[in-house]
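Take a look at the structure set out below.
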Amino acid sequence: MHLNTIIKMKYLIYIFLFLSFTHCSPKLLVPTAEVNFIGKDNQGTINLRSIGYAEEWDNLEDAKTDAEENAFNSILFRGIPGTDVENAMIGLNEQEIKSKHSDYFKSFFVDKRYKTFLMSSNPITPITSKNGYKKITVDLKINIQSLRRDLEQNKVIRGFGF
């Protein structure tokens with residue numbers, strides 16, 4: 001091969017890689033730490049305020065779902081200071097745990113099974129814009145006691161004394 005042909009191929013590869021990376025849309029909906037404890041009504045439940053994001057103005061439901069999922073991710077993998085789940089309910093290595101129990105978490109998040117532990121979910125702000133994305137604040141009431149039992153029954157966490 002000629003040197004010119006090799007150089008041209010090299011530049012074509014660089015152009016291809018550049019176009020591949022610049023046309024990939026960024027993953028917006030990642031768990032955030034924008035979850036705060038409000039209080040608790042009775043034993044086994046907590047009230048949280050969570051912020052969720054969406055890409056479009058008309059995606060109120062996507063933003064609300066993001067806020068709900070952020071709250072559950074915080075409970076399961078980070079903990080909520082000042083609550084019965086001050087420490088992460090499952091553990092801190094989120095990716096490893098989600099991989100190990102992939103069927104459970106597919107059902108939990110993708111199939112929205114987490115909603116069975118959600119006693120209420122009420123948007124408290126209109127959808128607004130932040131850094132090019134749309135955000136909403138949602139107040140949530142979560143049945144922590146049932147969530148813990150479910151995690152134990154599905155062997156994601158060990159039960160007390162077992």
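Note: hydrogens, waters and symmetry copies are ignored here, and every other heavy atom, side chains too, is used.
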#### Entry: Side-chain donor or acceptor of D139 paired with backbone N/O of R49 under 3.5 Å
no

#### Entry: NZ/K115: more than 12 non-hydrogen atoms of other groups inside 6.0 Å
yes

### Query
Is the Y114 ring parallel, tilted or perpendicular to the F108 ring (thresholds 30°, 60°)?
tilted

#### Entry: Side chains of S121 and K64 in contact at under 4.5 Å (non-hydrogen atoms)
yes

### Task
Mind listing the closest non-hydrogen atom pair of G132 and S129 along with its distance?
N-OG, 4.4 Å

## Note on the structure
Looking only at heavy atoms, the pair that brings H101 and K155 closest together is CE1-O, 3.4 Å

### Task
Go through the structure and list residues passing side chain to side chain contact (heavy atoms under 4.5 Å, CB included) with L151, not counting sequence neighbours.
L76, M89, I90, Y104, L147, V156, I157

### Task
For side chain to side chain contact (heavy atoms under 4.5 Å, CB included), just list the numbers for D62 and E55, CA-CA rounded to whole Å, side-chain angles, deciding distance to a tenth of an Å, and then say yes or no.
CA-CA 9 Å; D62 288 351; E55 295 186 60; over 6 Å; no

### Message
So, taking the atom named CD1 in I38 and the one named NZ in K141, what distance separates them when rounded to the nearest 0.5 Å?
### Response
11.5 Å

### Query
Taking NZ, NE, NH1 and NH2 as the nitrogens, is one of them in K135 or D66 under 4.0 Å from a carboxylate oxygen of the other?
no

#### Entry: Donor-acceptor contact below 3.5 Å, side chain S146 vs main chain N143
no

### Query
Do the ring planes of F109 and F105 sit parallel (below 30°), tilted (30 to 60°) or perpendicular (above 60°)?
parallel

### From E61 atom CD to I127 atom CD1, the distance as rounded to the nearest 0.5 Å
10.5 Å

### Task
Walk me through it: do E34 and T137 pass the test side chain to side chain contact (heavy atoms under 4.5 Å, CB included)?
CA-CA 9 Å; E34 296 176 296; T137 303; over 6 Å; no

#### Entry: Any donor-acceptor pair under 3.5 Å from S107 side chain to D103 backbone
no

### Task
To the nearest 0.5 angstrom, please state how far the CG atom of D150 sits from the CD atom of Q145.
13.0 Å

### Query
Of all residues at least two apart in sequence or in a different chain, which pass the side chain to side chain contact (heavy atoms under 4.5 Å, CB included) check with N42?
T45

### Message
Set out, in order, the CA-CA distance, both residues' side-chain angles and the distance that settles side chain to side chain contact (heavy atoms under 4.5 Å, CB included) for N47 and L140, then state yes or no.
### Response
CA-CA 6 Å; N47 298 319; L140 307 165; over 6 Å; no

### Query
Is a side-chain donor or acceptor of N70 paired with a backbone partner of V35 at a separation under 3.5 angstrom?
no

### Query
Would V138 and N122 count as a side chain to side chain contact (heavy atoms under 4.5 Å, CB included) if you check the C-alpha gap in whole Å, the side-chain angles of each, and the deciding distance to 0.1 Å?
CA-CA 5 Å; V138 180; N122 301 310; 5.6 Å; no

### Query
If you measure from CZ on F37 to CD on E86, what distance do you get to the nearest 0.5 Å?
10.5 Å

#### Entry: Point-to-point distance, once rounded to the nearest 0.5 Å, from CE of M119 to CD1 of I144
11.0 Å

### Task
Search all heavy atoms of A71 against all heavy atoms of S50 and return the closest pair with its distance.
N-OG, 3.9 Å

### Task
Mind listing the closest non-hydrogen atom pair of A88 and F77 along with its distance?
CB-C, 3.5 Å

### Message
Does this structure show an ion pair linking E94 with K98, if we count only N-O contacts that are shorter than 4.0 Å?
### Response
yes

### Query
Hey, which of N36, I75, N87 is the one that makes side-chain contact (heavy atoms from CB on, under 4.5 Å) with I80?
I75

## Note on the structure
So CD1 of I124 and CD1 of I136: to nearest 0.5 Å the spacing works out to 9.0 Å

